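Here is the naming used below: chain letters follow the sequence lines, and residue numbers restart at 1 for every chain. Keep in mind the model is a prediction, meaning the values are calculated, not measured.
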2 protein chains.
Amino acid sequence: MPHFKPQNDDRSYAPPKPLYEQVKSYVLKNMESGEWPAYFQLPSEHTLVREMGISRMTIHRALRELTQAGYLERIQGVGTFVAAPKKQPKKLELQEIDDIIRARGGRHQCEVHFLQGEPAEKDAANMMGMEVGADVYRSYFVHRENGLPVMLEDRYVNPAFMPEYLDADFSRITADTHLSRKFALLSHAHVIQAAVSNAEINHFLELEATTACIVINRKSWLGEDIVSAARLVFPGNRIQLG
Amino acid sequence: MPHFKPQNDDRSYAPPKPLYEQVKSYVLKNMESGEWPAYFQLPSEHTLVREMGISRMTIHRALRELTQAGYLERIQGVGTFVAAPKKQPKKLELQEIDDIIRARGGRHQCEVHFLQGEPAEKDAANMMGMEVGADVYRSYFVHRENGLPVMLEDRYVNPAFMPEYLDADFSRITADTHLSRKFALLSHAHVIQAAVSNAEINHFLELEATTACIVINRKSWLGEDIVSAARLVFPGNRIQLG
DNA sequence: GAGTGGTCTAGACCACTCC
DNA sequence: GAGTGGTCTAGACCACTCC
């Protein structure tokens, strides 16, 4: 606390950050600098009130928000501590293809190659957790960025959950978005692989030579049930993720 | 609010939930029942104060926490609204290579090919946000599963943040884990690509032919500063992620 | 000007821990 | 009993929106 001074806006045009944000920054700064290492006990709320000249409710809000965010741990009757270092989960957000394209300033188009009901073959039945021969919807799309194919989407959908799938409009709304809108509680599991393109992929993605591709297998669950499974193929020379 | 009554513990042994939790439950209950659908404008804080007999700070805390959690949207001067249904972000968790291998029941080994300080070349300087020619640590590891190479890790580390990097033990603890343990506040950004292996990759990963690989570029940030940048190469025929 | 949410205070009472 | 964090209040001032 020796050098804390609340930010003042008397002479500046930008409004100052709220006091509780200033307290949060102050705590994080001490953590980043190593001044307050893991397991370090912070000054008590009472002490911070006195030393920073800020009311206890405001100090408390700052520390509570840092605790909710995982930076601190608080024990009633004992004190406030810098949280033990936990391995940060390294998460990658997989954006929708149309969002990726729009974020790059491109124009997204979706070409429907087929869209039909069919009896599930062994692979499809396996992926969808259905009986071989059961009715399944299958769609096969090529997504283009300014005309150039950037993703192939080969998708199965369980007709029991989405009987209207075959009548949906995929030119403006992706299949994933249709699913998300219908099922608010949908969860997803992904497997990512690299593979070289084969004749099928070369044809639909209009690749001139064998190309390394990212292949994402995505299953979409509603509780215990698989609503949809898709294989997404991205040519490595045209697109990257993340 | 017609039937809201704060929970009372006069005759019960369990302590009552705090008032702000009771307000949160009350709001969520109205949302779940459909009473307050998406875009519905909630009663104002002032109205809730009057009707629930709870002070404004407590009402405010409840609504603020529901807003942070994404259930509500608040606009100063206008009001509080039930949030629009949003598409679920699709996240992929990138596990550490040693965790992946152990999860599959394999034995993980890390082979250090080099580990040294060097002046940053243009690419390295670029990735690390450093000046060309500045000192940078570089490590080059091959990770093996039961003897078979499954990942190449080419990593730069900023010596200013981790002067002890060159003396670390990488046989039992990955570089990423070393970094996570030292810096609790590390954040990561990833770019994933597919590429075919070149002579360097074929050599270190002991690949017999050109192979499609997943390439992850991971940058690890401490605030505004890049602490480390790594290129991780996974041969597509030996490993998949997720 | 009336109504909204955003912040902040000074005080209070409490449950809990440690000695 | 002294110190800790958890909650709650009644009031204040403010920025912002809408009319």
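- If you measure from atom CD of Q68(A) to atom C1' of dT7(D), you get 14 Å, rounded to the nearest angstrom.
- One side chain, R107(A) or Q109(A), offers a donor N or O that lies under 3.5 Å from an acceptor on the other.
- Side chain R64(A) to base dG5(D): no donor-acceptor pair is found below 3.5 Å.
- Between E45(A) atom CD and dT9(C) atom P there is a gap of 13 Å when expressed in whole angstrom units.
- The separation between R50(B) atom CZ and dG3(C) atom P is 10 Å, rounded to whole Å.
- Checked by atom type, the side-chain pair T177(A)/T174(A) shows a donor-acceptor distance below 3.5 Å.
- Computed from coordinates, the L63(A) CG to dG5(D) C1' distance equals 10 Å when rounded to whole Å.
- No hydrogens or angles were tested; on distance alone, a donor-acceptor pair under 3.5 Å links the side chain of R56(B) to the base of dG6(C).
- Closest contact between the side chain of Q76(A) and the listed nucleotides dT7(C), dC16(C), dC8(D) involves dC16(C).
- With distances taken from any side-chain atom of S55(A) to the nucleotides dC8(D), dG6(D), dC8(C), the minimum falls on dC8(C).
- Classification of the F170(A)-F141(A) ring pair by plane angle, with boundaries at 30° and 60°, yields tilted.
- Look at T80(A) and you'll find a side-chain N or O under 4.0 angstrom from OP1 or OP2 of dG5(D).
- Using a 4.0 Å cut-off, some side-chain N or O of Y20(A) falls inside it from OP1 or OP2 of dT7(C).
- Taking atom NE2 on H60(B) and atom C1' on dA12(D), their separation rounds to 15 Å, with Å as the unit.
- With respect to E145(B) and R104(B), a salt bridge is recorded, a charged nitrogen being found less than 4.0 Å from a carboxylate O.
- The side chain of H46(A) contributes no N or O atom lying less than 4.0 Å from OP1 or OP2 of dT4(D).
- Residues M57(B) and Q41(B) both approach DNA chain C. Their nearest nucleotides, taken by heavy-atom distance, put Q41(B) toward the 5′ side.
- Ranking dC8(C), dT9(D), dT7(D) by closeness to the I54(B) side chain, first place goes to dT9(D).
- dC18(D) and dG1(C) make up a base pair, with Watson-Crick or G-U wobble contacts both under 3.5 Å.
- Here I75(B) lies in heavy-atom contact (under 4.0 Å) with sugar-phosphate atoms only.
- A straight line from CG of L72(A) to C1' of dG5(D) spans 13 Å, rounded to a whole angstrom.
- Residue T58(A) places no side-chain N or O under 4.0 Å from the OP1 or OP2 atom of dT7(C).
- For the pair G77(A) and G79(B), both in contact range of DNA chain C, the more 5′-proximal nearest nucleotide belongs to G79(B).
- Judged purely by distance below 3.5 Å, without hydrogens or angles, the side chains of S171(B) and D169(B) pair a donor atom with an acceptor atom.
- As rounded to whole Å, 12 Å separates atom P of dC8(D) from atom CE of M52(B).
- Of the side-chain N and O atoms in R61(B), one or more sit less than 4.0 angstrom from OP1 or OP2 of dT7(D).
- Across dG5(D), dT4(C), dT9(C), the shortest atom-to-atom separation from the side chain of R74(A) is found for dG5(D).
- In this structure, the CD atom of Q22(B) is 12 Å from the C1' atom of dC8(D), given to the nearest Å.
- A donor-acceptor pair shorter than 3.5 Å cannot be found between the side chains of H188(B) and R218(B).
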